[in-house]
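Below is one structure, written out as structure tokens; comments come after it.
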Amino acid sequence: MAFGKGCHLHLIDGSAFIFRAYHALPPLTRKSDGLPIGAVSGFCNMLQRYIDGNANGSDAPTHVAVIFDKGSHTFRNDLYDQYKANRDEMPEDLRPQIPLTRRATEAFNIACKEIEGFEADDIMATLACRARDAGGRVTILSSDKDLMQLVGDGVEMLDPMKNRRIDREGVMEKFGVGPERVVDVQALAGDSVDNIPGAPGIGIKTAALLINEFGSLEDLLERADEIKQPKRRQTLIENRAQIELSKALVQLDRDMELDFTLDDLEARDPEPDTLLAFLAEMEFRTLSKRIADALHVEPPVIMDTDPGGTEVEGPADLPFAPETYECIRDMGALQGWIDRIAERGYVAFDTETTGLNEMQADLVGISLSVDPGHACYIPLTHRAGGADDLFGSDELAEGQLPLDDVLAALKPVLEDDSILKIGQNMKYDAKILARHGVTIAPIDDTMLMSYAMNAGLHGHGMDTLSERYLGHTPIPIKELIGSGKSQVTFDRVAIDDATKYAAEDADITLRLWQRFRPQLHQTQVTTVYETLERPLVPVLAGMEMAGIRVDREVLSRMSNAFAQKMAQLEDEIHGLAGEKFNVGSPAQVGEILFEKMGLEGGKKGKTGKYSTPADVLEDLATEHDLPARILDWRQVSKLKSTYTDALQDHIDPDTGRVHTSYVQTGASTGRLASTDPNLQNIPVRTEEGRRIREAFVAEPGKVLLSLDYSQIELRILAHVAGIDALKAAFREGQDIHAMTASEMFDVPMDEMTPDIRRQAKAINFGVIYGISGFGLARNLRIPRAEAQGFIDRYFERFPGIRAYMDDTVNFAKEHGFVQTLFGRKIHTPEINAKGPGAGFAKRAAINAPIQGTAADVIRRAMVRMPGAIAGLPAKMLLQVHDELLFEVEEGAADKVTRAAREIMEGAAEPAIKLDVPLIVDAGQGANWAEAH
DNA sequence: CTAATCACG
DNA sequence: GACGTACGTGATTAGC
């Protein structure tokens, strides 16, 4: 039937349906594989309800279409780059459901239309106008006010949720003008949701008033000088361009070119087979049954499969059979694997190398797996002569494919956007491959999946995961390369043995991935994994490969000076003690101090030895010289051995720089850990120690740039605990410790003394750590009762803090974990234990959301940073929990500071809008001491 | 291999 | 009422 008089077109706003469905339902997943499916389920239910309610009624439509947005960039973005710029990113678990909603629409046999680069609103506008011109009626199923400009002359809107019709009167009620003037009002009022600027200070009410007075926006702008109110007049004159731009943005395109006609949208009944097959595929049991009943057919049988579970027989329970792993020795076999990988779209991948230092280690072989129990190893640079061969040989072993040929063949796979590369600790493999010119992407990482789901419960190394989740102990690497002095590198391992070991790793990784993938959704950490873990891998790899330049001469000079000073102190100490002993032995120091000299305060540890930590020695140092000298010696010794000596050994001979490794899964709270060397604990608190930072230098012509969050944890505490006084202080840029002191001790701000402030500062930090009277007393060296008094007063003054602590501990007791603002879970398995462990767990539970949220914030900044500084001559080098260090060409330092600061200060958004500002302090200089 | 100590946030 | 406590890390050394 050709569309014309008497016809009735229904236009369904598909995107609105999807978002309603998504937000209305809990995050359901498909049971068989964990695919997120909640929005699709809700969408189908809404379509079904629509059909039940409308399609067969007395006012049934003759034509129906569901219209979707397509592409994120439309002509409106060309007009205005900030259009919809403040929209949250699409939730990660919604993204894969979008194509499924198209398929759902088609399964219901309803026309499904979208046009690249256009919003659904424009398509609906064009269709509505054409239908009206053809003499038909139109109902738009949406509550979007942007569509209200289309109402009138046979076009109505219907809010499908409230089942409320919106006609001319409805539009008048909402906008104060008729549909034909809606865009004029919108242009003036603007729209924060779509980021339409409009005229500042003018809302819908005022806009309608003005339009009604002047007749149209054009007349209003033309005769703006006639507006009586001076402020309003000025606003309209000054913002004319912006208002005109706004109108262009809200005006829907009613005359789009379409590749279909109204006639193509004729209403059709669903094909039962097609529809039920789709519903069965989605595993919608209830909906399948309801629709099957309505269509008077048998509901489909939906298998109750659960391959991720342990009870069900499935791939995960296949035995491991190392002898069946394939060793790839010719290009034909390799091509067979590549074909299978391309067909599947994913592959578990692992590299074997000659060492743990990715900057130095050489690639020895590669293993792959696409099916559980089935894996291969591609030996590349194994040496002739086995591990037992004392002489070894630098000759390559026979029967290996040339490294370059294999990499050339695998490079397209490893860089293919549509092939997922799955690894365990992929940062390592990514760095090895980067040295061969391969940028591996996209990736999944079983180590990070485990971390996102189970931080705080157990480690995330392959051996732990395999034993825990696959019930299988992998072949220990020691069986191949030995340990200690007789350890050899992997290229000395016989290829047959290497195949069993290496291919097993790929097999295990694939099995872990198959198990973890659905669990990620089930445990609701998909967003954490997708936004805070996975995208950080290439960022950290880049920082580690960049390294930081360290001046060996500076360190060497300091080492010599320290050695002299240590010898001098040692003489003094031995003289004071009256005998020679090892100053570096706490046990011997304890003997001398507490037995020979008979000093008070000697406490023995669980090994029966005296303990001589710095705070005990500090107390003794007020009375005696010996403990004071021992403290001096310890400080110098620490600086020398850990820093000026050890750091020199970490300077890479090829780059002249120090390349740390970040452990992404090291800290349960979400913080990073830095190893080999640890560059997150370079001294700064003492003048002497801080000089070590002078050895961390920029290349000639460049500067080091340090940006650090100011008081980020206290700010987060103020936000999560909802402490208005703290929030206000941060908003006003006050000295937070002084403010706390003023509140607690009733001291006016202008009479604040450094000592009172110091005590308040200790309390503020104590709060973050899960304060106790004992701990505060020890820290401030005051009687315990007095410390407890401080804490009582603090809680009295800020009752929200105690409530936060109680709530957090109760949450942990109930759920076994706590969460950061961004959804990271930190498990607290000891929280319900009794005994001293409970106290630890309790304080850890209080601290974890605060420390963890701060960690999430800087992670978000780091993930966005490469994009923000792209094109600038700058590199991000280091992260020290609340600080990022960059190396920048001198002339660009200020520009990079601005760009990086903007990213860091806005890092919580759009996911979280904090009630307090995040403030970033910046510094620059030729070395780290100057920059910090 | 573990405990003690101390560097950082 | 007593107990034992600040939160999160990594590197080095001594001493078994």
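Letters A, B, ... are given to chains in the order of the sequence lines, protein chains preceding strands, and every chain is numbered from 1. Remember, predicted model here, so these are calculated numbers, not experimental data.
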Looking at every strand, decide which applies to [X] at a 4.0 Å heavy-atom threshold: base, sugar-phosphate, or nothing.
{"X": "G584(A)", "result": "sugar-phosphate"}
{"X": "F765(A)", "result": "nothing"}
{"X": "G666(A)", "result": "sugar-phosphate"}
{"X": "I768(A)", "result": "nothing"}
{"X": "S772(A)", "result": "base"}

Under the 3.5 angstrom rule, does the side chain of T686(A) hit a backbone N or O of G689(A) as a donor-acceptor pair?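 Yes: the side chain of T686(A) pairs with the backbone of G689(A).
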
Just by modelled atom types, is the T665(A) backbone N or O under 3.5 Å from a matching donor or acceptor in the H460(A) side chain? no

Whole-angstrom distance between [N] and [M], as gauged at atom [atom1]:
{"N": "dA7(B)", "M": "dA2(C)", "atom1": "C1'", "value": "35 Å"}
{"N": "dC6(B)", "M": "dA6(C)", "atom1": "P", "value": "14 Å"}
{"N": "dT5(B)", "M": "dC3(C)", "atom1": "P", "value": "23 Å"}

Could E544(A) and K427(A) be called an ion pair, given the rule that one side-chain N must be under 4.0 Å from one carboxylate O?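 Here E544(A) pairs with K427(A) in a salt bridge, since their nearest N and O are under 4.0 Å apart.
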
Examine the side chains of [X] and [Y] and answer whether a donor and an acceptor come within less than 3.5 Å of each other.
{"X": "D792(A)", "Y": "Q788(A)", "result": "yes"}
{"X": "H659(A)", "Y": "T655(A)", "result": "yes"}
{"X": "Q924(A)", "Y": "E930(A)", "result": "no"}

Can you tell me which nucleotide in [options] comes closest to the side chain of [X]?
{"X": "F774(A)", "options": "dT5(C), dT9(C), dA14(C)", "value": "dT5(C)"}
{"X": "A844(A)", "options": "dA14(C), dA6(C), dG8(C)", "value": "dG8(C)"}
{"X": "R843(A)", "options": "dG10(C), dT5(C), dT9(C)", "value": "dT5(C)"}

Enumerate the residues from residues 775-805 of chain A whose closest heavy atom to DNA chain B is under 4.0 Å, giving them by residue number; use none for an empty result.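 None, since no heavy atom is under 4.0 Å.
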
Letter per nucleotide, 5' to 3', of nucleotides 2-9 of chain B [B base touched, S only sugar-phosphate touched, - untouched; heavy atoms, 4.0 Å]: -SSSBBBB

Any S585(A) side-chain nitrogen or oxygen under 4.0 Å from OP1 or OP2 of dG15(C): yes

Do F790(A) and F745(A) have ring centres separated by under 6.0 Å? yes

For F795(A), does the six-membered ring have the charged nitrogen or CZ of R797(A) within the cation-pi criterion, i.e. under 6.0 angstrom from the centroid and within 45° of the normal?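 Judged by the rule, R797(A) and F795(A) form no cation-pi pair.
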
Paired stems touching DNA chain C, three or more consecutive Watson-Crick or G-U pairs with both distances under 3.5 Å?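 Consecutive-pair runs (3 or more) involving DNA chain C: B:1-9 with C:7-15.
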
